[in-house]
Colleague: 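Sending over a structure as structure tokens; questions will come in a sec.
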Amino acid sequence: MQPFDLSGRVAVVTGANAGIGQGLALALAAAGADIAAVGRSPADATVAQVQALGRRALFVQADLSSIAPVQRIVDETLAGLGGLDILVNNAGIIRRADSLDFSEADWDAVIDTNLKSVFFLAQAAARHMRAAGGGKIINIASMLSFQGGIRVPSYTASKSGVAGLTKILANEWAPHGINVNAIAPGYIATANTEALRADARRNADILARIPAGRWGEPSDLGGAAVFLASRAADYVQGHVLAVDGGWLAR
Ligand code: NAP
């Protein structure tokens, strides 16, 4: 019995060219999965690293600022890799401005990518998974699925929405053998948090609150993703798993 083994599974990871998505793709591949790396930018480095691990990798070009590509992502994955067992909804953006000045464009851009596309890609994947007898969906949430944050109103709304979506989809799709869960990363050193790390005061404030005493790396999230993608999590449903160095505990 190898409950965490993902051999023979196919995982779709959105936003897999960089940052957390790349880290998750490599962790799933190291556990045995083949990877469809989905994104608007080429994912050559991710594809090469997955192949170096002895797994198959496919790049699926798709801009998830609209839901236009969601069915094509499923179709290209099935055609290229022969299945779709795991979906990691990772692609996301953030816009920062005072809420008093926040624009409609910054509201719509974040909600469309972080929430609307997450739902409709999950729907397209789940239609296949239901027919195939089951699957695993992992949404990438945030500390701002639990907290308010500051100067990121559309991001907080989107990630709080992702936590709610994770629960309703678990309720509806558990009977079809589909597990829907989320990972809520703490403060991870990627392009998404570059502005925070560049602000010496915010950086010091953030570090002071992390019991682990450091920013997380994308690789810190790999174990949680492998667990939630594996048979070991067959009875885990609608959970938002914080991987945050203790941030929420403080
Ligand atoms: P990142 O390095 O900026 O990565 C974001 C990824 O999403 C990139 O691959 C990006 O592609 C992709 N993406 C953005 N808009 C897209 C679109 N319209 N179509 C397709 N792909 C798109 O940031 P990250 O930190 O790894 O973020 C990954 C996820 O983790 C996001 O959902 C983010 O909200 C979440 N998260 C991050 C942190 C953190 O501390 N870093 C904490 C909590 C949650 P491009 O390279 O083409 O832009």
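First listed ligand is number 1; within each ligand, the first listed atom is number 1.
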Colleague: For Ser65, take its heavy atoms, then give the atoms of ligand 1 lying under 4.0 Å from any of them.
Modeller: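 Atoms satisfying the 4.0 Å criterion: 18 (N).
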Colleague: Taking only heavy atoms of Ser41, which atoms of ligand 1 are found under 4.0 Å from at least one of them?
Modeller: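 Numbered from 1, ligand 1 contributes 45 (P), 46 (O), 47 (O).
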Colleague: Should the heavy atoms of other residues, nucleotides or ligands under 6.0 Å from CZ of Arg250 be counted, would the total exceed 12?
Modeller: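 Yes - once you tally the heavy atoms of other residues, nucleotides and ligands closer than 6.0 Å, there are more than 12.
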Colleague: Number the atoms of ligand 1 from 1 as they appear, then name those within less than 4.0 Å of a heavy atom of Gly19, with their elements.
Modeller: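 Once the distances to Gly19 are compared, the set is 2 (O), 26 (O).
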Colleague: Should you measure from each heavy atom of Pro185, which atoms of ligand 1 turn up under 4.0 Å away?
Modeller: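 Here the atoms of ligand 1 in question are 42 (C), 43 (C), 44 (C).
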Colleague: If you count heavy atoms of other groups shown closer than 6.0 angstrom to CZ of Arg202, is the number above 12?
Modeller: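 No, the 6.0 Å shell around CZ holds no more than 12 heavy atoms from other groups.
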Colleague: Under 3.5 Å between any N/O of Lys159 and any N/O of ligand 1: does that happen in this structure?
Modeller: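 Between Lys159 and ligand 1 (N or O atoms, distance only) the closest approach is under 3.5 Å.
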Colleague: Going by the atom numbers of ligand 1, which of them fall below 4.0 Å from some non-hydrogen atom of Asn90?
Modeller: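 What qualifies from ligand 1 is 28 (C), 29 (C), 30 (O), 31 (C), 32 (O).
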Colleague: Counting only heavy atoms closer than 4.0 Å, does ligand 1 sit against the backbone of Asn192, its side chain, both, or neither?
Modeller: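 Both backbone and side chain.
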Colleague: I need the atoms of ligand 1 closer than 4.0 Å to a non-hydrogen atom of Ala191, numbered in the order shown.
Modeller: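 The list of qualifying atoms is 2 (O), 3 (O).
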Colleague: Can you tell me if Asp5 and Ser7 form a side-chain donor-acceptor pair at under 3.5 Å?
Modeller: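 Indeed, the side chains of Asp5 and Ser7 share at least one donor-acceptor pair under 3.5 Å.
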Colleague: What atoms in ligand 1 come closer than 4.0 Å to a heavy atom of Ala62?
Modeller: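 Under 4.0 Å from Ala62, ligand 1 has these atoms: 19 (N), 20 (C).
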Colleague: Check for me, please, whether Val152 and Trp215 land in the same ILVMFWY cluster - side-chain distances under 4.5 Å, paths through other members count.
Modeller: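 Different hydrophobic clusters.
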Colleague: Could you list the atoms of ligand 1 found under 4.0 angstrom from a heavy atom of Thr193?
Modeller: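 Contacts of ligand 1 toward Thr193, numbered from 1: 39 (C), 40 (O), 41 (N).
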